[in-house]
Amino acid sequence: NSKAYINLNVKLGGLGPDYEAIKEKVKKLKQQKEYAKQIKEHNMKSIASVQRSPTKPQVVSSVSRQRALEYAKKIPRPKTFTARQSDEEVKEERVLPQTLKGNSLPQIASLETLQSRHEKEKQVVAAFRALRIL
């Protein structure tokens, strides 16, 4: 077994820089830069040779805009529900309590309303517990 290991031709790295590897990397970088320069020149020539198309006149866009505006005027607007009170009526009904400094406080729901809501939610939770969901 030891004879097989001795016959292997293994090149070990030395102490210090490997100048040959550095030269190869520098050569490769120079080639890449030269290629990039050639491609850039080619692209600049091809861009210069291509004639730019003339811009479209603005008249066409304004005509299409006018058509769009006319179409928008003809579309019926959706109907709104008038069952709700208007904002002005709601503001008139609300009388907000004020602090000593004159600042208004937010409106608080009545205690009875909160108690009834609490009882309803208790029943819903009890129903869920009966079904063993919670």
### Task
For side-chain contact (heavy atoms from CB on, under 4.5 Å), just list the numbers for Glu119 and Gln115, CA-CA rounded to whole Å, side-chain angles, deciding distance to a tenth of an Å, and then say yes or no.
CA-CA 6 Å; Glu119 292 300 323; Gln115 285 178 342; 5.6 Å; no
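- The line from NZ of Lys37 to CD1 of Ile39 is 13.5 Å long, rounded to the nearest 0.5 Å.
- Here NE2 of His42 is found 10.0 Å from CD1 of Ile47. Values are rounded to the nearest 0.5 Å.
- Between the CG atom in Leu111 and the NE2 atom in His118 there is a gap of 11.5 Å [rounded to 0.5 Å].
- Summarising the geometry, atom NZ belonging to Lys33 is positioned 6.5 Å from atom CG belonging to Leu29; distances are rounded to the nearest 0.5 Å.
- Of the candidates Glu34, Lys30, Lys28, Gln32 forms a side-chain contact (heavy atoms from CB on, under 4.5 Å) with just one, namely Lys28.
- Here CD of Glu41 is found 10.0 Å from CE of Met44. Values are rounded to the nearest 0.5 Å.
- Under the 4.5 Å side-chain heavy-atom criterion for Ile, Leu, Val, Met, Phe, Trp and Tyr, Leu131 and Val124 are members of the same hydrophobic cluster.
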